K.L.:
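Structure incoming, see below.
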Amino acid sequence: MHQKPDSDIVAAQFPEYADSLYTGMKIIPFRFQQIEDSTYLDSSFFSTNLKLARQALTSSPWREKISENDFDEYILPYKIDDELADNWRAVLYEKNQLLLKTNPQLNNADSLYAYHTKKTYFALRSSNQFGHYYPAQANYSWLNLSREGDCADRCRYVIYHLRAAGLPATYDYIPNWGNRPKAQHTFVGLANKKQQLKKRLENSNDTSKLVDDFNAAMTSKYRPVFSQGDVPSNLTVQYEKTIPKVYRQTWSKQPRMEDLVTSVPKGQIYEKLLRTNMLDVTDQYLKTADASVWQRPFGQWDMAYLATFDISGWTPVAFAQFGWWGQARFKSMGKNILYLPMVCKNQKLLPVAVPFILNNNGDKKELNCNYDQKIDMRLIRKFPLFSYTAAHVVDLKGCIVYGSNDYRFGEKEKLAEIDYYPFFMDEIEIHSPKKYRYVKVEAPDGKLIRLAQLACYSDSADTPVLHNDVRYLAGKIRGHYGHLFDGDLNSYTLGRMFLVDLGEPVRLSAIRICPRNDTNYIIPGNQYELFYWDNQWQSAGKQTATNYFLEYRNVPSGTIYWLRCLNGGREERIFTYENNKQIWW
């Protein structure tokens with residue numbers, strides 16, 4: 001079935017959507033309904049679909065490697081999901097013939113797959129300028145017309161092309177990341193392969209084992225790799241998006257899944273995860289381990305779930321049935337991830353055991369809240385430092401700070417050199433006894449640096465005195481350059497050098513710089529609240545930050561923690577606290 005508009009039903013139930021359609025496309029507003037494809041597709045459509053699908057496979061050099069089951073499941077279907085059926089196979093069959101004629105080097109499975117997962121995938125823009133105009137799941141015709149879509153749309157677009165060429169392309173997806181905000185991500189696999197990647201992934205944050213556009217937080221072309229001494233001891237750069245599970249959407253219902261959903265009480269089925277047309281293919285992507293959760297023998301629950309964290313609520317990523325003896329065994333789980341065992345009661349999730357970390361060696365480390373052994377904590381962030389944020393500091397290493405009384409810096413003194421990576425607000429001491437009106441921060445070798453803040457200080461009896469740029473105070477600085485002095489760490493300025501005019505010569509004691517950042521560090525003036533887990537979230541207290549860190553004392557140990565910024569922002573993750581360091585999950 002698919003979604004199709006019914007213009008005879010009042011549009012008032014979807015007023016905003018209907019109004020955008022009417023305004024943007026000048027058509028009559030409508031709402032959705034579900035109808036059977038057979039009501040508008042005739043037998044000739046299906047016979048042509050079968051003919052072209054069989055012809056594409058039998059004329060390919062990989063025809064002997066494709067089973068009849070893979071053909072039925074991943075080549076023959078006339079659509080992928082709930083989209084409006086269209087004539088994609090006939091169009092793309094002809095396009096594929098032309099492609100192979102002009103590019104004979106693509107006439108093998110690996111080359112054709114690589115071509116479409118690169119070129120065809122990125123032929124769609126990752127925008128949504130026109131998507132809200134289309135009243136159903138995007139089909140090939142709409143994707144080809146709009147030339148835009150998210151990762152799921154892009155994968156379906158690739159699958160159309162590959163299936164039209166006779167390759168059993170699969171729609172594989174992650175129900176949620178292990179260390180990222182809640183989001184489903186999708187990939188294109190090949191059903192005839194038992195392993196989808198050259199090497200199975202480990203969730204180990206090893207930069208030599210990342211796969212671009214898959215589990216890497218950013219592409220290798222731009223990704224910085226920091227040495228051990230480059231990063232402060234209380235920070236870790238996260239290069240990888242960890243994967244707990246990978247499932248495959250099938251065309252037909254899977255007998256095991258049908259048995260599962262019929263044998264388990266309906267109130268215990270978490271509908272957002274469980275589908276009858278799904279397969280677990282995690283082992284084709286990851287090195288995995290099994291984990292067990294227990295209840296009392298003959299307990300009240302039939303089904304257990306493992307969930308990963310999100311600020312909107314724990315998200316189940318795996319499921320297993322309890323045996324009569326009380327064990328639920330979860331097979332093929334992604335390692336180096338923190339899971340919470342849960343059960344479902346009428347779509348409400350309830351914890352059923354303590355959270356645990358599935359370590360790299362496959363061991364299960366349970367996290368029990370310990371009130372007898374309390375700890376003091378020094379917290380510097382509320383979210384992992386991902387490589388795409390850490391990348392902003394790379395070109396700051398090697399910057400030189402100059403002082404001068406000449407606006408053109410004909411005569412100048414080198415006041416300091418930044419020989420390290422300043423990951424957040426950083427103070428650079430100045431020891432020159434001379435007074436200077438102008439201060440300049442210059443990038444090394446003409447590189448471009450990104451600064452969110454730049455401030456100059458001199459000593460006083462009590463507190464350092466801030467000397468701001470007089471041009472900024474007088475309103476003479478326009479555009480992005482003013483971001484250096486506006487006190488807003490969300491804004492930043494890009495340039496090869498930055499100049500401060502103090503108005504008169506000043507003997508400086510320090511300058512402070514802050515690189516472009518994600519504002520997930522602790523920021524003075526913001527209010528925070530720390531939570532710890534003891535079968536539910538318990539508050540350890542609120543604080544208004546007076547520095548770029550928070551200190552909490554006498555907090556229960558051994559559990560997981562969640563630092564919330566009460567001023568706003570949605571990037572928050574749980575962490576454990578080990579050796580005076582936040583370890584993120």
Side-chain angles (χ1 to χ4, degrees), residues 110-128 147-159 161-162 169 171-174 176-190 195-228 230-231 235-244 246 284-287 334 336-337 383-397 421 423 443 447-450 492 494 515-518 520 571 573 584:
D110 290 339
S111 296
L112 192 61
Y113 173 83
Y115 174 86
H116 284 301
T117 52
K118 294 287 191 298
K119 187 167 183 177
T120 302
Y121 183 91
F122 289 105
L124 301 184
R125 302 181 304 273
S126 58
S127 61
N128 192 29
R147 309 300 287 181
E148 66 173 23
D150 57 18
C151 70
D153 293 326
R154 286 173 161 182
C155 285
R156 285 192 287 266
Y157 193 59
V158 169
I159 290 171
H161 285 78
L162 291 175
Y171 184 88
D172 298 348
Y173 61 93
I174 298 171
N176 198 27
W177 295 106
N179 63 347
R180 291 281 297 155
K182 183 177 180 180
Q184 187 180 101
H185 195 54
T186 56
F187 318 107
V188 178
L190 292 177
Q195 183 172 310
Q196 299 299 322
L197 303 173
K198 290 181 179 180
K199 292 184 178 180
R200 290 188 296 166
L201 305 174
E202 300 176 4
N203 292 333
S204 60
N205 206 36
D206 185 339
T207 55
S208 67
K209 298 177 181 178
L210 303 180
V211 180
D212 287 352
D213 305 318
F214 193 88
N215 70 323
M218 65 185 301
T219 179
S220 56
K221 183 178 179 181
Y222 304 105
R223 181 172 61 241
V225 178
F226 297 94
S227 301
Q228 184 175 0
D230 292 336
V231 183
L235 271 180
T236 298
V237 177
Q238 186 67 37
Y239 302 98
E240 181 177 20
K241 300 174 289 186
T242 56
I243 300 173
V246 185
Q284 296 189 19
Y285 291 91
L286 304 176
K287 290 183 178 180
N336 295 313
I337 291 177
F383 190 74
L385 176 60
F386 279 95
S387 53
Y388 51 77
T389 297
H392 297 311
V393 311
V394 170
D395 290 337
L396 281 169
K397 186 176 182 180
Y421 295 110
F423 283 92
K447 292 182 179 179
L448 287 171
I449 54 177
R450 298 163 177 82
Y492 71 96
L494 176 67
R516 180 185 177 185
N517 65 95
D518 58 4
N520 287 317
E571 288 192 322
R573 290 300 299 179
W584 299 94

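On a predicted model such as this, the values are computed, not experimentally measured, just so you know.
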K.L.:
Taking only residues two or more places apart in sequence or in another chain, which ones pass side-chain hydrogen bond (donor to acceptor under 3.5 Å, both in side chains) with D206?
P.N.:
S208

K.L.:
Can you tell if the side chain of F383 reaches within under 4.5 Å of the side chain of P181, non-hydrogen atoms only?
P.N.:
yes

K.L.:
Please identify each residue that fulfils side-chain contact (heavy atoms from CB on, under 4.5 Å) with R516, with sequence neighbours left out.
P.N.:
H392, R450, Y492

K.L.:
Give a yes or no answer on whether the side chain of Y421 reaches the backbone of A390 with a donor-acceptor pair at less than 3.5 Å.
P.N.:
no

K.L.:
To the nearest 0.5 angstrom, please state how far the CD1 atom of I243 sits from the CG atom of N179.
P.N.:
9.5 Å

K.L.:
Just distance, no hydrogens or angles: give the donor-acceptor pairs under 3.5 Å from side chains in residues 216-225, sequence neighbours left out.
P.N.:
{"from": "T219", "atom 1": "OG1", "to": "D212", "atom 2": "OD2", "distance (Å)": "3.2"}
{"from": "S220", "atom 1": "OG", "to": "D212", "atom 2": "OD2", "distance (Å)": "2.8"}
{"from": "R223", "atom 1": "NH1", "to": "M218", "atom 2": "O", "distance (Å)": "2.9"}

K.L.:
To the nearest 0.5 Å, what is the distance between CZ on R154 and CD on E148?
P.N.:
10.5 Å

K.L.:
Under 3.5 Å, side chain of R180 to main-chain N/O of T242, donor-acceptor pair present?
P.N.:
no

K.L.:
Donor-acceptor pairs under 3.5 Å, side chain of residues 118-126 to any protein atom, not counting sequence neighbours: which ones?
P.N.:
{"from": "T120", "atom 1": "OG1", "to": "H116", "atom 2": "ND1", "distance (Å)": "2.6"}
{"from": "R125", "atom 1": "NH2", "to": "S146", "atom 2": "O", "distance (Å)": "3.2"}

K.L.:
For S111, check side-chain contact (heavy atoms from CB on, under 4.5 Å) against everything at least two apart and list the hits.
P.N.:
L106, N108

K.L.:
Is Q195 reaching over with its side chain to a backbone N or O of K198, donor-acceptor style, under 3.5 angstrom?
P.N.:
yes

K.L.:
With V231, which residues qualify under side-chain contact (heavy atoms from CB on, under 4.5 Å), at least two apart?
P.N.:
F226, L235, V237, F423

K.L.:
Under the side-chain hydrogen bond (donor to acceptor under 3.5 Å, both in side chains) test, which residues partner S387, sequence neighbours left out?
P.N.:
none

K.L.:
I'd like to know if the side chain of N215 and the backbone of L210 have a donor-acceptor N/O pair within less than 3.5 Å.
P.N.:
no

K.L.:
Quick one: does any side-chain atom of N203 pair with a main-chain N or O of N336 as donor and acceptor, under 3.5 Å?
P.N.:
no

K.L.:
D518: which residues meet the salt bridge (Lys or Arg N to Asp or Glu O under 4.0 Å) condition with it, sequence neighbours left out?
P.N.:
R381

K.L.:
Among residues at least two apart in sequence or on other chains, which ones pass salt bridge (Lys or Arg N to Asp or Glu O under 4.0 Å) with D110?
P.N.:
K193

K.L.:
Quick check: closest heavy atoms across R573 and P384, and the distance to 0.1 Å?
P.N.:
CG-CD, 3.4 Å

K.L.:
Measure the spacing between OH of Y113 and CD of Q196 and express it to the nearest 0.5 Å.
P.N.:
6.0 Å

K.L.:
Could you tell me which residues satisfy side-chain hydrogen bond (donor to acceptor under 3.5 Å, both in side chains) with Y285, sequence neighbours excluded, listed by chain and number?
P.N.:
D172

K.L.:
Partners of D395 by side-chain contact (heavy atoms from CB on, under 4.5 Å), sequence neighbours excluded?
P.N.:
K447, I449

K.L.:
Apply side chain to side chain contact (heavy atoms under 4.5 Å, CB included) to residues F187 and I174 and explain how you reach the verdict.
P.N.:
CA-CA 9 Å; F187 318 107; I174 298 171; 3.3 Å; yes

K.L.:
Does some side-chain heavy atom of T236 sit less than 4.5 Å from a side-chain heavy atom of L385?
P.N.:
no

K.L.:
Has E240 got a side-chain atom pairing as donor or acceptor with N205's backbone, closer than 3.5 angstrom?
P.N.:
yes

K.L.:
Drop me the distance from L112's CG to T117's OG1, to the nearest 0.5 angstrom.
P.N.:
9.5 Å

K.L.:
Can you name the nearest heavy-atom pair linking A169 to V188, along with the distance?
P.N.:
CB-CG1, 4.2 Å

K.L.:
With sequence neighbours excluded, what pairs up with E202 under the side-chain hydrogen bond (donor to acceptor under 3.5 Å, both in side chains) test?
P.N.:
K209, K287

K.L.:
Mind telling me whether Y173 and Y171 have parallel, tilted or perpendicular rings, with 30° and 60° as the class edges?
P.N.:
tilted

K.L.:
Roughly how far apart are F214 CZ and H185 NE2, rounded to 0.5 Å?
P.N.:
7.5 Å

